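Because the structure is predicted, anything quoted here is derived from the model rather than measured. Every number for a ligand or one of its atoms is a count from 1 in the order of the listing. By convention here, the first residue in the shown sequence is residue 1.
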Amino acid sequence: MPELNLILLGPPGAGKGTQADRLREDFGLPHISTGDILRAQVAEGTELGSEAKRYMDAGELVPDEVIVGMIIDRIGEGDARDGFLLDGFPRNEAQADALAEALAGLDRKLTAALLIDVPDEEVVRRLAGRRVCVKNPTHIYHVDFDPPKHEGICDQDGSRLIQREDDKEDVIRRRLEVYHAQTEPLIGYYDRSGALRRFDGRRSADEVHAHIRATVATLRMEEDL
Ligand SMILES: [Zn+2]
């Protein structure tokens with residue numbers, strides 16, 4: 001079986017986590033997110049993890065080369081030998097170059113960069129409409145898509161529903177600005193190399209999934225020829 005070395009791109013609220021879970025089931029690919037790796041390596045106290053911790057303890061951003069080192073270690077592990085799904089990495093062209101170089105060193109290459117495209121206004125509508133139960137944060141509603149029976153009240157336990165700080169519109173718009181500034185150059189980068197595949201993220205999660213799965217299956221067939 002040819003490898004499936006994939007990158008997942010898309011704004012917050014695009015449903016990347018959901019799609020990553022489904023692709024893992026479809027193709028047995030480990031879902032590698034920068035945040036998870038960072039937490040795991042810090043917890044295990046690896047060399048890179050300890051280095052990252054020093055920056056985080058000082059309230060500083062973990063530098064690119066530390067993150068890149070962690071990701072490259074991770075994609076060399078056994079469960080990622082037949083492929084992987086990267087989420088949250090690369091974040092810029094320098095990281096994309098470092099990834100390409102590391103893959104080439106392992107005699108591998110990127111199969112595709114999958115972009116789940118969602119317009120900003122749709123992202124704001126999805127995220128700013130979320131309401132969470134103050135008593136149990138797994139009780140989640142949406143003012144348009146999944147409203148509670150009584151406005152502002154949790155159906156399950158009658159507690160108050162709140163909008164989390166992260167879901168406030170101005171916070172979402174700032175995240176979108178950062179996303180566009182970081183990701184648009186990457187979209188261009190992968191478009192030029194022919195690796196980019198776009199998916200309409202305004203569709204339902206099931207439709208997006210069906211489209212991505214078909215595309216990835218085709219890519220694998222092509223690699224096999
Ligand atoms: Zn509740």
Side-chain angles (χ1 to χ4, degrees), residues 6-44 49 52-53 56-57 59 61-62 74 79 84-89 91 114-180 182-183 199-213:
L6 303 170
I7 292 171
L8 200 53
L9 300 170
K16 280 182 297 175
T18 304
Q19 298 302 335
D21 286 346
R22 295 190 182 188
L23 286 172
R24 187 174 48 200
E25 284 167 24
D26 294 337
F27 298 102
L29 301 174
H31 173 211
I32 301 178
S33 98
T34 316
D36 290 346
I37 290 189
L38 197 55
R39 277 188 290 278
Q41 296 227 7
V42 170
E44 286 166 24
K53 189 171 184 301
M56 292 190 292
D57 286 347
L61 279 178
V62 181
R74 181 65 187 84
D79 68 334
F84 52 78
L85 186 61
L86 276 178
D87 178 4
F89 181 92
R91 281 206 192 282
L114 313 171
L115 169 65
I116 306 176
D117 225 348
V118 184
D120 285 5
E121 290 317 308
E122 176 68 14
V123 169
V124 171
R125 182 167 177 235
R126 285 181 185 182
L127 298 182
R130 279 204 298 222
R131 297 294 181 272
V132 183
C133 173
V134 288
K135 200 166 160 196
N136 184 334
T138 67
H139 300 163
I140 300 170
Y141 301 83
H142 192 283
V143 293
D144 297 322
F145 310 129
D146 184 21
K149 288 192 189 75
H150 304 283
E151 195 187 326
I153 307 288
C154 179
D155 289 349
Q156 295 182 66
D157 54 24
S159 299
R160 204 160 49 88
L161 299 179
I162 54 159
Q163 185 181 38
R164 288 188 318 196
E165 209 48 48
D166 277 359
D167 294 336
K168 298 258 161 84
E169 183 171 340
D170 57 330
V171 176
I172 297 164
R173 292 205 184 270
R174 272 202 300 277
R175 282 173 70 196
L176 279 169
E177 273 173 37
V178 172
Y179 167 77
H180 286 300
Q182 285 182 339
T183 312
F199 302 91
D200 183 354
R202 289 170 303 183
R203 307 261 183 142
S204 72
D206 286 344
E207 288 173 304
V208 173
H209 170 235
H211 189 186
I212 294 180
R213 185 175 55 185

Practice task
In sequence, state the C-alpha distance, the side-chain angles, and the governing distance for D87 and H31, and then conclude on side-chain hydrogen bond (donor to acceptor under 3.5 Å, both in side chains).
Solution key: CA-CA 7 Å; D87 178 4; H31 173 211; 3.0 Å; yes

Practice task
Applying side-chain hydrogen bond (donor to acceptor under 3.5 Å, both in side chains), run through H209 and D26 and close with a yes or a no.
Solution key: CA-CA 10 Å; H209 170 235; D26 294 337; 2.6 Å; yes

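Between the Zn ion (ligand 1) and D155 there is no N/O/S contact shorter than 2.8 Å.
Shortest distance from the Zn ion (ligand 1) to H139 is reached at ND1 (N/O/S atoms only).
In this structure, SG of C133 and OD1 of D157 enclose an angle of 100° at the Zn ion (ligand 1), rounded to 10°.
Put simply, the side chain of E121 never gets that close to the backbone of R125: no donor and acceptor are under 3.5 Å apart.
Smallest separation of non-hydrogen atoms from H150 and D155: N-OD1, 4.3 Å.
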